[in-house]
Amino acid sequence: MRKQIVITLLLFRLGISLFSQVDFSGSADMAINTNIPESGDYESLLNPGNLMGISDLGLNSALIAKIDGGDEKTTFSAWFSLKEFPIGQALLSAAYGDSIQEGGVFELTRTLGDTVFTMDLMRLSANVYLSDNISMEVGRQSMLTGYGYGWNPIDFANPLKNPLDPDAALRGVDGLSFKILPNFMSSLKIYGILPRDLLSSGLDYEEIKFGGELTLYFSGLEMKLAGFYDYDESVGSDAYTPSLGAGFMIDLWGVGLYSEAAVRKGSRNYFTDGGLVVQRKEEWLFSILAGLEYTFSNELYGVVEYFYNGEGFNESERFEYRDSVMAFIGVMGSPTADLFSLYSPGYFARHYIMLNLMQPLYSINTDINLAAIYSPDSGALALMPSINYSFSGNFSGKLAYVGMLDLYDNDFSEVSALPVRHVISTVFTYSF
């Protein structure tokens, strides 16, 4: 499998090199992860009996390849992601509690290995300029919009951005979009998308989603108005909901101030009732983000953001989530995939504050970074310091720590049920 992937990439690279207007770039990561266990090793509410098979050390590799090309009238883009997937741990989790199935999994992984490489087509789109002011793009493309670094409330089409996983923002959605530039002070984008459902045998007309965004440009000020329409009238049937939003960014004496606000009819994520019922909310929900960025005279760059998550869990809802996890474990032996997906750092609670500082040291080719995300209502705190060193223009290394702390003893947060709260990683990256 690995040989086939490498040969395919080499042949593809050889083919595109014949065209002078095609660029091939990307990055390859080799990471050594060290997990620091708690008193109960890696057992937790979401990982009873360590059914995930988490161990102390892990070696992971990932490859992102980007192909961009075009001419005076058209452009083309294709992004691929190649990552390791611990299939052995997934199979053991599915066979948890059944000694016969567990034995079969051990025999299978001894023969085929416990890790597979998965290829993900992150983007594949073509863009054509229909006129000097109108362009059309078709295919898997990024609809990412907004001004926030950690969150984007007015981004209605793309998957949720994850502050702890920057690569999540790279993945696009399938659709058709038109970009109109009526004048130098405004731009309009209109799009239609189709949600990806791997278990769906087909798509109906009502599953088509429509959206638009108007951007206005002024001196030192930019504003956005965004809207999203869900043709499907079944509220809560999918993760897309009718939405309206607005945002702005202004430069005041070198300080960048920005904000986004959005209202949506229903939630994208599920909520629980403390039992076995899992469903989406159907009422109107409000979210807002406010932030500022500034570069100091010594090149220290700082960002501070506040995010009110209207789709987050309040205190009683967080305890209901905990009770539902326990109920599913009592019936099925493990939580469901839907419950796992709800337990997302940076989105689980209602209020969040993010701080990001980056100090470049050009004389020694080093960057020092400190990122922190704190939830004042649940007491969850994520600390993410790192040191980046550039060996050359293409090769760099990073030493990073991710620590998840639960500051409140009387609450249930996105840290309370984590099987791993402290991770030290060493990542080597080659860019090409």
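When reading the values below, keep in mind they use all heavy atoms of this one structure, side chains included, and skip hydrogens, waters and symmetry mates. Numbering starts at 1 and runs along the sequence shown.
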Should we count [atom1] of [X] as having more than 12 external heavy atoms under 6.0 Å?
X	atom1	result
Asp409	CG	no
Phe184	CZ	no
Asp132	CG	no
Met223	CE	no
Met326	CE	no

Does this structure show an ion pair linking [X] with [Y], if we count only N-O contacts that are shorter than 4.0 Å?
X	Y	value
Arg350	Glu317	yes
Arg140	Asp174	yes
Lys189	Glu137	no
Lys224	Asp155	no

Non-hydrogen atoms of [X] and [Y] that approach each other most closely:
X	Y	value
Phe228	Thr241	CD2-O, 3.4 Å
Leu124	Ala78	CD1-CB, 3.7 Å
Leu357	Gly302	CD2-CA, 3.8 Å
Val304	Tyr258	O-OH, 4.2 Å
Ala262	Pro153	CB-O, 3.4 Å
Gly245	Phe156	N-CZ, 3.7 Å

Would you sort out whether Phe76 and Asp68 count as a side-chain contact (heavy atoms from CB on, under 4.5 Å), showing the intermediate values? CA-CA 6 Å; Phe76 169 79; Asp68 297 288; over 6 Å; no
Please evaluate residues Phe428 and Lys398 with respect to the criterion side-chain contact (heavy atoms from CB on, under 4.5 Å), reporting the C-alpha separation (whole Å), side-chain torsions for both, the decisive distance (0.1 Å), and the verdict. CA-CA 6 Å; Phe428 296 97; Lys398 179 175 72 173; over 6 Å; no
Met30 backbone acceptor or donor facing Asn60 side chain under 3.5 Å: no
Is there a donor-acceptor pair closer than 3.5 Å between any side-chain N or O of Glu305 and the backbone N or O of Gly150? yes
Determine the interplanar angle of the [X] and [Y] rings, folded into 0 to 90°, and report it as parallel if under 30°, tilted if 30 to 60°, perpendicular if over 60°.
X	Y	result
Tyr343	Tyr321	parallel
Phe313	Phe348	parallel
His422	Tyr401	parallel

Measure centre to centre between the rings of [X] and [Y], then say whether the value is under 6.0 Å.
X	Y	value
Phe432	Phe24	yes
Tyr306	Tyr308	no
Tyr191	Phe178	no

Paired with Leu221, the side chain to side chain contact (heavy atoms under 4.5 Å, CB included) test is passed by just one of Ile250, Leu252, Asp251, Leu257, namely Ile250
List the steps, then state whether side-chain contact (heavy atoms from CB on, under 4.5 Å) holds for Ser187 with Tyr217. CA-CA 9 Å; Ser187 64; Tyr217 307 96; 3.2 Å; yes
Measuring only between side-chain heavy atoms, which start at C-beta, is Leu383 closer than 4.5 Å to Leu405? yes
Please determine if Lys281 forms a cation-pi arrangement with Phe271, meaning its NZ or CZ atom is less than 6.0 Å from the six-membered ring centre and no more than 45° off the ring axis. yes
side-chain contact (heavy atoms from CB on, under 4.5 Å) between Val303 and Leu355, intermediate numbers included: CA-CA 6 Å; Val303 175; Leu355 171 66; over 6 Å; no
